[in-house]
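A quick write-up on the structure given underneath.
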Amino acid sequence: MLRLLLKYKVWRHDKIHLLLGTRCLSILTSANSLQRPSYEIKDQNKVIDFTVLFSSCSDAASVKRLHALLVVSGKTQTIFVSTRLLNLYAHLGDLSSAYDTFSLMPFKDEYTWNSMISAYVRTGNFTKAMNCFHELTLTSQVQPDWYTFPLVLKACGNLIDGKKLHCWVFKLGFMWDVFIAASLIHMYCRFNAVAAAHYLFENMPFRDSASWNAVISGLCQNGNADEALSIAGEMRLEGMNLDPVTIASILPACVLVGKSLIGMLIHLYVIKHGLEFDLFVSNALINMYAKLGWLEHAQRVFYQMVVRDLVSWNSIISAFEQNNEPAFALLLYNGMQLHGLQPDLLTLVSLASITSQSGHCQNSRSVHGFITRRGWLMEDVIVGNAIVDMYAKLGIIDYARKAFEEIPFKDVISWNTLITCYSQNGFASEAIEIYCMMEAYTDITPNQGTWVSVLPAYSHLGALQQGMKIHGHVIKTHLHSDVFVGTCLVDMYGKCGRLDDAMSLFSEVPRGNSVPWNAIIACHGIHGHGEVALELFDKMLHDGVNPDNVTFLSLLSACSHSGFVGQGYRCFHMMREQYAIKPSLRHYGCMVDLLGRAGQLEKAYEVIKSMPMQPDVSVWGALLGACRIHGNIELGKFASDRLFELDSENVGYYVLLSNIYANVGKWEGVSDVRSLARDRGLKKTPGWSSIEVNNKVNVFYTGNKSHPKCEEIYKELGILTAKIKSLGYIPDSSFVLQDVEEDEKEHILTSHSERLAIAFGLISTVPRSNIRIFKNLRICGDCHNATKFISKVTEREIIVRDSNRFHHFKDGTCSCGDYW
DNA sequence: ATAGGGTTAG
């Protein structure tokens, strides 16, 4: 063995030293395991060149074996050996072993400290890197050197201000070192301190491509793509080529600011300069095409790659996941496993989204379990947030809440995700409660995402006064001109009945994409202002904004609420022919509604028959609703049969059918429907109405008697009913499905939630002021009729927003023209 | 023996 080692010493500069080194190590360790270690090793201490052994260790197991060997031979006492070991662990990413080695060292030199800091920076532990640096400067005799600063500056760039460090670097005279200057420049660019970066950059003795890249990547990471692109232009003017690093940092920035054309040109540059086989460049290209939704291009880049790493796989998987192709994304995930790659934290983030998109609850649980077993929840919030989001999208609120509680260090996005979970699943007041908890119990500053998640909850509840408070907070955080927040505000004012305020906010929001247009068109639609909605659409086209499927949904629904059959047809046609948008179920639902309301029931049925997919409850529901308005028993029966097949438990359809029979005096039909409903033990979505008085939302359920002003409310209702009856109001009991006596039915009608809310509004507000009611379901037909009378006798304008649209009751009429 | 600029995310 000794001879072998001696031979090896001679060959150490040969290319085969790696192979031989490994062989030496295995011989040594097997000798070690023969329980004669002390003799063997003591003898060889002078001979074995450990440097060689170090360079031969490439996997965790051999490093561990070497470590053991060194401990036994007492070698770990020397700074040189332990620092080498520390570096090996750092390269393997084994931070805890690296730290153990570091902390056990009695003496440390510059190499040791730099290696430990480098281990932290490599693994993204920037705070720990800074702490280590502070320990170095405060407690040790060692001075930071010019290997230390690039590392520390990188850590700084990811944390906070680096100005103090700059002074230090300056004082120690390191600033004019090209390496360190580049690090400083990079850090300044990340903090957008362009002047300081520029000063250093201009005064550098010479500039290699890394210095240029320091500027460009710093700007890109700051989202300043325009500046970065112009610097890249200057770089080319100085005769420098864009290298793989430049391209990998500039591509994501291009996408971020919507410069997809430049991205394409860069791809051409890549091909022309033969950079297409660079791993980082290819990965960046995949991500660019993924964000643009050009999946074929992303896939082509992926398949052309010679070497693919975990980032490549993660990128292509997330490309399909983000573009709603969960099945194919899963296929790719399997492919990745076949190639022997272990998923990491980010793979699982994509996987969580994939399982929720495909609606596999069981798989979602598995993903959760996998993450928990690996302990990844402790490593990064992003994983915990992904789990909360996954359960939220599946509608499993309890699990989402539990997953949220499990996150050790929650950030804004954790809170935003939970708020969205509640508001998207129809629990608006819970969403608001979570937002209030965040404000009250944490130091977390709400961001754009917070407003986007909580504002829809206020619009959903119709809580105008509280929503306006949020508007105040939004202005304080300077986010009112953000497209998404601005659109949520437009939506909130529109849905709370303040169409004029919605309009004036709309005029202040940037209108470059369809999002704000869709919101304002939809708002006019639910208020029954079809002609304004159409005008806005023309203006949108005139401004050069491309309509999307949501735009047409808003338009079709606006047309149907205003009875614009011809215009609706025109829009439907335009969507398919001019914009090549395939109509979805909801578009068909709108068309059926449009034709049905206008009395063209046969045509509506024709539309259903022409659908390329299976009609769902919303489509048949639209037809049934239309049959009720126009008293078509035959088609109504047909539609309700389809509905009972799809959703036999929703009471609303039974009510509509019963109402159709009642309107034409077919009482046996009414009683049939009633017994059918009773036999099936129908599930009733509890109806509730709310009214906001003095900044407080009051919620009423049908027959609710728990409100503090309950007695006064029922007294007021009694008086009102008597008054409106004298004006000609006749209760229509076909809206009551319970099998009870006639006078009991009338009592049920008068205690409907919308009427309780109206009565409460009347006694709690000043005479002649408007009353705004919100109802979670569609307003009951009898209540609609009664409210018209109430608006007349009380001389009040009553605005009811139900789940479908706005009803402005004024002087005995309603804006919806009785087609509710 | 240690070092600057790069790709994926809720």
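It should be emphasised that the depicted structure is a prediction, and the values quoted were computed from it without experimental measurement. The sequence lines fix the lettering, A, B, ..., with proteins before strands; numbering per chain opens at 1.
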All side chain to side chain donor-acceptor pair (under 3.5 Å) counterparts of A:W212, not counting sequence neighbours: none

Stretch residues 266-286 of chain A: residues that reach within less than 4.0 Å of DNA chain B through a heavy atom: A:D278, A:F280, A:N283

Where at least one partner belongs to residues 218-234 of chain A, residue pairs that pass salt bridge (charged side-chain N to carboxylate O under 4.0 Å, His left out), sequence neighbours excluded: A:D226-A:K259

Selection: residues 379-396 of chain A, any non-hydrogen atom under 4.0 Å of DNA chain B: A:D380, A:V381, A:I382, A:N385, A:D389

Non-neighbouring partners of A:K393 that pass salt bridge (Lys or Arg N to Asp or Glu O under 4.0 Å), sequence neighbours left out: A:D389

Side-chain N,O (A:H186) to OP1/OP2 (B:dG6) below 4.0 Å: yes

Residues from residues 304-318 of chain A lying under 4.0 Å of DNA chain B - heavy atoms: A:V311, A:N314, A:S315

Residues which pass ring-ring contact (aromatic ring centres under 6.0 Å, His included) with A:Y89, listed by chain and number, not counting sequence neighbours: A:H67

Contacts of type side chain to side chain donor-acceptor pair (under 3.5 Å), residue A:Y422, not counting sequence neighbours: A:R401

By side chain to side chain donor-acceptor pair (under 3.5 Å) - contacts of A:D109 (at least two apart): A:T112

Side chain to side chain, A:H186 and A:N213, heavy atoms closer than 4.5 Å: no

Distance below 4.0 Å between A:Q221 side-chain N/O and B:dG6 OP1 or OP2: yes

Test side chain to side chain donor-acceptor pair (under 3.5 Å) applied to A:D208 - qualifying residues, sequence neighbours left out: A:S211

Inter- and intrachain pairs under salt bridge (charged side-chain N to carboxylate O under 4.0 Å, His left out), touching residues 267-287 of chain A, at least two apart: none

Listed once per pair and sorted, the ring-ring contact (aromatic ring centres under 6.0 Å, His included) pairs that draw on residues 300-326 of chain A, sequence neighbours left out: A:F302-A:W313, A:W313-A:H339, A:F320-A:F328

